[in-house]
Amino acid sequence: MTSLFALVDCNNFYASCERVFDPRLEGKPVVVLSNNDGCIIARSNEAKALGIKMGQPAFEVRELVKQHGVQVFSSNYELYGDMSRRVVNTLAQFTPSLEVYSIDESFLDLGDFLAHPDVAAYAKEIKETTKLWTGIPVSVGVAPTKTLAKLANRLSKKWTDAAGVLVLTEAQAIEEALQRTAVEDVWGIGRQHAQRLRQQGVHTALDLRNLPDAWVKKHMAVTGLRTVRELRGEPCADLELEVPAKQNICTSRSFSRPLTELTDIEEALATHVVRCATKLRKQHSCAGALTVFLTTSRFAAKEQQYYDSRTARLPGPTGSELELLHQARRLLRGMFRHGYRYNKTGVILSELVPETQVQLTLFGGEQSEKQAKLMQALDSLRDRFGHGVVKNGVQGTAQRWIMSQEHCSPCYTTRLDEIIRAR
DNA sequence: TCTGGGGTCCTAGGACCC
DNA sequence: TCTGGGGTCCTAGGACCC
């Protein structure tokens, strides 16, 4: 029995989301910006054709944008998250086991490939149904391992004949695909490994597949070996059907402009802590430790640089943002130095344990029970009325650090007052 | 002027214990 | 003078992913 995986990847996902609700964008170059409108994180095909690069700073493409009428959007994660759910719900129609790998990619277990006399037709149906039901164009790669399915998916977009669907089951087709894939484009091969491999004369995925195990193990560890085996068609990674609880939760943002005053930074940090604690409670965990970091911009080469991070172990695992805020503020005050132009702060919660475990071991003192009730109340208010509805005093109101988002589209699907109107 | 944010896994080496 | 060997835990750092 041969396993069979499909990787379904949404094409230019964020740009496609913007397009679904604004048909005037069809055929035009579209880009989506990162937080603070800093750099490009999604591009439509037309924008790619103009030479706009992934991760490129927005100011570098200003001229290009003007010249070619590129449509620019700030990122709107509320919209993208909702569209992502719709896509996943559609894909779930095609398989009982599905792994949501990222906001725009899912692996589908297609079971035994003998059970699919015409895999290609099935893959095409997945693609067409998703477009029809959600408006989002996707590409589908099918192969006996996840790594090969990734590779097939990539080629399905590159090879115009494939038209967004590529099935790699025949040995010869796999070989050709490997031959035509650069080694750095293999899933799991990053910059460092690619450079080393190239020095060894390994230039294609096929060369990589043919390396001896011992060499791979020595230089690329067991993760590298898994990748190579998967290229050979031996499945080493199963689907992860349940989303594992995160082991760390982090919230951080660059400031919209450099900050020098402690009070401004405290406000920003407090806001991150509240966000982070909300994520923590959403996955029903408590944190045993908290880390705060503070840094200047690494791009401001001429300025004095500063980076520090400090960790506090909490007296006991907690989900209370009041306690976390208190600790975070203490750590920040210990790190803060006058005379620097800071550009970012953030918080990381770690040593996470399930909420239930804490309730059992902490004999729920009256105080902690009160706090838990308060947190529940806050969560439900914020769920219903948006995150800004209840704030802690330290979050402040001046918010001189707040994110710039000058090109945000409406939340068409999740906010009643921003719903699309037909004229 | 303007350069994202959030994760995971693996390994090596030190501390410590018996 | 002789100066083991193995196990565990923790941390920092590297590499990768989207």
Side-chain angles (χ1 to χ4, degrees), chain A residues 7-10 12-14 31-42 52-63 65 72-77 80-81 84 99-107 146-147 150 153-154 183-197 216-227 236-237 240 243-258 268 272 275-276 279-280 283 288-289 291 293 295-303 309 311 313 341 343-352 403-407:
Chain A
L7 175 67
V8 180
D9 182 308
C10 300
N12 317 325
F13 183 53
Y14 299 165
V31 298
V32 178
L33 305 178
S34 65
N35 288 323
N36 277 320
D37 295 342
C39 49
I40 311 282
I41 55 170
I52 297 175
K53 299 271 177 284
M54 180 69 180
Q56 196 171 11
F59 67 86
E60 282 182 16
V61 299
R62 197 144 298 163
E63 271 312 302
V65 163
V72 179
F73 292 88
S74 302
S75 37
N76 181 348
Y77 287 101
Y80 311 150
S84 175
E99 171 184 341
V100 179
Y101 178 69
S102 74
I103 194 166
D104 67 342
E105 283 172 69
S106 292
F107 284 103
K146 287 168 92 174
T147 305
K150 266 292 237 197
N153 186 289
R154 203 179 148 275
V183 71
E184 61 269 19
D185 293 330
V186 173
W187 190 36
I189 304 299
R191 265 216 328 271
Q192 306 294 324
H193 284 329
Q195 201 186 341
R196 154 151 243 161
L197 287 163
V216 177
K217 177 86 195 288
K218 179 159 177 232
H219 294 103
M220 300 164 66
V222 298
T223 37
L225 194 53
R226 269 205 290 270
T227 297
C236 300
E240 290 193 26
V243 183
K246 294 198 194 329
Q247 302 172 34
N248 300 287
I249 299 180
C250 171
T251 303
S252 73
R253 293 276 182 286
S254 311
F255 310 133
S256 49
R257 58 184 181 75
H272 299 338
R275 280 264 179 203
C276 207
K279 292 188 213 169
L280 177 76
Q283 74 159 28
T291 302
F293 66 86
T295 183
T296 52
S297 169
R298 61 188 200 290
F299 297 106
K302 284 182 214 145
E303 294 181 17
S309 82
T311 301
R313 235 195 203 100
R341 286 157 54 79
N343 99 308
K344 185 175 183 177
T345 188
V347 60
I348 302 160
L349 300 178
S350 53
E351 292 179 27
L352 307 191
M403 214 163 57
S404 341
Q405 283 207 298
E406 293 182 10
H407 315 278

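Computed from a predicted model, the values in this text were never measured in an experiment. Lettering of chains follows the sequences in order, A, B, ..., and the numbering in each one begins at 1.
- The salt bridge (Lys or Arg N to Asp or Glu O under 4.0 Å) check on A:Glu184 picks up A:Arg198, with sequence neighbours excluded.
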Name every donor-acceptor pair, under 3.5 Å, that has one atom in a side chain of residues 54-63 of chain A and the other anywhere in the protein, sequence neighbours excluded.
{"residue": "A:Gln56", "atom": "OE1", "partner": "A:Lys53", "partner atom": "N", "Å": "2.9"}
{"residue": "A:Gln56", "atom": "NE2", "partner": "A:Glu60", "partner atom": "OE1", "Å": "3.3"}

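- The separation of C:dC18 from B:dT3, taken at their P atoms, amounts to 25 Å, rounded to a whole angstrom.
- For A:Ala245, the side-chain contact (heavy atoms from CB on, under 4.5 Å) criterion is met by A:Gln283, not counting sequence neighbours.
- Residues passing the ring-ring contact (aromatic ring centres under 6.0 Å, His included) test with A:Phe107, sequence neighbours excluded: A:Tyr101, A:Trp187.
- Taking A:Asn12 as the reference, A:Asn45, A:Lys48 meet the side-chain hydrogen bond (donor to acceptor under 3.5 Å, both in side chains) condition, with sequence neighbours excluded.
- The footprint of chain A on DNA chain C, defined by a heavy-atom cutoff below 4.0 Å, extends from C:dA15 to C:dC18.
- Between A:Ile249 and A:Cys39, it is A:Cys39 whose nearest contact on DNA chain B lies nearer the 5' terminus.
- The salt bridge (charged side-chain N to carboxylate O under 4.0 Å, His left out) analysis of residues 246-258 of chain A, with sequence neighbours excluded, yields no pairs.
- Listed by chain and number, the residues in a side-chain hydrogen bond (donor to acceptor under 3.5 Å, both in side chains) with A:Arg275 amount to none (sequence neighbours excluded).
- Annotation: side-chain hydrogen bond (donor to acceptor under 3.5 Å, both in side chains) contacts of A:Asn248 (sequence neighbours excluded): none.
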For DNA chain C, what is the dot-bracket line, given that a base pair needs Watson-Crick (N1 to N3, plus N6-O4 or O6-N4) or G-U wobble (N1-O2 and O6-N3) geometry with both distances under 3.5 Å, and | means paired with another strand? ....||||||||||||||
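- Of the residues in residues 218-226 of chain A, none has a non-hydrogen atom less than 4.0 angstrom from any atom of DNA chain C.
- Residues that satisfy the side-chain hydrogen bond (donor to acceptor under 3.5 Å, both in side chains) test with A:Thr251, not counting sequence neighbours, are A:Lys279.
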